[in-house]
Amino acid sequence: MQLTWRFDDERPIYIQLAEMLEDAILSGAYKEEEQIPSITEFSIAYKINPATALKGVNILVDAGLLYKKRGVGMFVASGAREKLVKKRKEQFYRTFVEPAILEAIHLGIGKSDLIEMIERGLSEHGN
Amino acid sequence: MGIEVRNLTKSFGNTLALDNVNININEKQIYGLLGNNGAGKTTLLNIITNRLYPDSGKVLIDGEQVLDNDRVLGRVFMVGEKNLYPEGMRVKKAFEITKLFYPNFDIQYANELARRFELDTRKKITALSTGYASIFRIILALSVNTPYLLLDEPVLGLDAQHRDMFYKLLIEKYSENPCTIIFSTHLIQEAANLINHVLIIKNGCIIRDMPCEELLEGGYTVSGPAALVDNYISGLKVLSVNSLGGLKTACIHGKAEQSDLPPGLEISSMGLQDYFISLMNEEESK
């Protein structure tokens with residue numbers, strides 16, 4: 001978990017906190033079936049109102065990525081990482097692939113050229 | 001039950017410091033009281049704590065009038081810029097005296113905080129530097145355990161490290177034992193994420209009173225090439241405009257509609273400080 005992490009003004013804090021928690025699960029910093037810090041610990045570490053921290057954490061609880069054990073704390077659900085990878089893959093398509101394809105059509109770049117470009121990008125980055 | 005402020009008016013000579021102020025402070029929330037110098041923040045807090053009498057109107061705490069009501073006033077603790085302790089009193093003694101007036105004051109915790117902030121409790125209060133006078137006051141506030149806590153510029157003169165410590169301790173305290181906090185500050189950026197309700201005061205009038213999130217959803221900035229921005233903002237409620245070269249950024253009051261955004265323009269949300277500054281500029285240009 002990155003303790004130097006800063007919030008920006010662009011989006012609500014609870015959404016930024018939720019994304020930070022997702023990143024921590026994706027990176028393996030928070031492992032499945034392991035306990036994560038409490039709402040109080042998040043609030044103090046990030047100097048945010050506990051209600052805001054709760055709202056952020058609840059996004060992951062509602063998505064089934066975290067679950068609460070009464071009187072113990074919050075845990076990462078099994079299968080959370082896989083769920084997130086799937087979600088981020090879909091996000092990747094919407095944010096990067098789709099606009100790239102639309103721009104390619106706009107510029108008249110054909111299918112074979114497009115595939116060639118992707119392969120070039122991959123090989124330039126050692127894949 | 002909270003604090004109810006009803007039709008509060010107060011003048012000093014020809015200056016109207018509070019102009020028919022009405023507020024409901026709900027329990028167990030952190031309120032940010034924001035306003036420029038001379039807006040009426042301290043006057044309002046002083047009347048809530050019976051340090052000043054209003055010309056008209058009243059304040060109720062948990063349903064009871066505060067006017068000379070010691071029983072109710074024992075539930076409220078205020079730290080302000082002025083120390084109300086007698087000349088020559090030492091920090092240690094001040095802790096003991098505070099305990100007499102506020103039985104839930106935790107002397108042990110106050111001493112622990114003094115150690116962490118490196119405040120020498122043998123020192124005379126009047127001999128403390130500006131920063132340490134602030135530290136002394138925030139230690140009182142963090143140790144007093146009253147259901148209502150009023151903090152008037154609590155971080156004045158504190159360095160970044162001590163401010164950081166204070167914000168964390170305040171959240172810790174609030175998490176363990178939620179109380180109602182009203183917090184006035186000029187360092188809006190730092191307090192923005194702590195508060196959940198915003199009160200903005202200007203010339204003795206409350207001009208905004210709403211949850212922080214709702215307030216920030218009610219404004220956004222749009223930026224891009226000047227001509228495009230001008231075109232986009234015509235007919236919208238513009239709070240402020242900044243231009244640099246051919247680029248322009250405008251703060252808009254209202255909700256952003258991503259769908260009808262022309263290409264070349266970018267929308268982002270506004271931070272509390274940006275919102276506050278834009279609002280003050282707009283009010284001044286009226």
Side-chain angles (χ1 to χ4, degrees), chain A residues 1-21 35-62 66 68 70-74 91 94-96 98-107, chain B residues 26 28-32 155 160 163-179 181 183 187-198 211-223 249 251 256 258 263 266-278:
Chain A
M1 175 173 155
Q2 302 159 278
L3 276 168
T4 52
W5 207 80
R6 296 247 176 268
F7 295 108
D8 59 45
D9 279 346
E10 308 287 310
R11 289 155 316 136
I13 302 297
Y14 70 95
I15 290 177
Q16 296 186 54
L17 177 68
E19 278 176 12
M20 190 212 79
L21 295 173
Q35 191 170 5
I36 67 160
S38 67
I39 299 292
T40 303
E41 285 171 305
F42 281 126
S43 315
I44 294 170
Y46 294 109
K47 292 178 278 178
I48 57 176
N49 192 289
T52 311
L54 181 65
K55 208 170 164 184
V57 166
N58 276 343
I59 291 179
L60 278 81
V61 173
D62 292 343
L66 297 176
K68 288 175 185 165
R70 244 195 133 98
V72 186
M74 279 173 309
Q91 263 179 13
R94 297 263 167 247
T95 355
F96 299 102
E98 204 173 32
I101 287 171
L102 288 174
E103 182 68 4
I105 293 168
H106 179 67
L107 296 173
Chain B
N26 296 319
K28 295 173 185 176
Q29 305 265 316
I30 304 180
Y31 283 75
V155 295
R163 291 204 301 276
D164 190 73
M165 276 172 75
F166 167 65
Y167 297 135
K168 287 179 173 169
L169 287 164
L170 188 69
I171 294 176
E172 190 178 282
K173 194 90 217 170
Y174 175 79
S175 295
E176 281 168 4
N177 189 8
C179 57
I181 300 171
F183 190 134
L187 298 174
I188 297 173
Q189 195 93 42
E190 293 185 353
N193 298 338
L194 302 181
I195 61 186
N196 40 23
H197 197 106
V198 183
C212 196
E213 230 170 71
E214 204 176 295
L215 183 90
L216 294 180
E217 280 169 3
Y220 63 98
T221 63
V222 59
S223 46
T249 298
C251 296
Q258 282 284 4
E266 224 168 85
I267 275 182
S268 63
S269 64
M270 243 192 274
L272 186 58
Q273 178 156 300
D274 289 340
Y275 185 97
F276 177 79
I277 294 170
S278 298

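Every chain is numbered from 1 and lettered A, B, ... according to where its sequence line falls, protein lines coming before strand lines.
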Side chain, backbone, both or neither of I44(A) within contact of chain B (heavy atoms, under 4.5 Å):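 Both backbone and side chain of I44(A) come within 4.5 Å of chain B.
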
Residue pair L194(B) / K47(A), side-chain heavy-atom distance below 4.5 Å: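 Yes, side chains in contact.
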
Measure distances from [X] to the heavy atoms of chain A and classify the residue's part below 4.5 Å as side chain, backbone, both or neither.
| X | result |
| --- | --- |
| Y220(B) | neither |
| E217(B) | neither |
| L272(B) | neither |
| D164(B) | both |

Exercise: identify the closest heavy-atom pair between K168(B) and A45(A):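 That would be CE-O, 4.0 Å.
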
Out of curiosity, I171(B) CD1 to N49(A) CG, how far, rounded to the nearest 0.5 Å? 7.5 Å

CD1-CD distance between I13(A) and E213(B), expressed to the nearest 0.5 angstrom: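 So the CD1 of I13(A) and the CD of E213(B) are separated by 9.5 Å.
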
Under a 4.5 Å heavy-atom cutoff, which of S269(B), G271(B), S175(B), A191(B) has the most pairs with chain A?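 When all of S269(B), G271(B), S175(B), A191(B) are compared, S269(B) has the most.
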
Taking everything shown except E266(B) itself, do over 12 heavy atoms lie less than 6.0 Å from its CD?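 12 or below, so no.
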
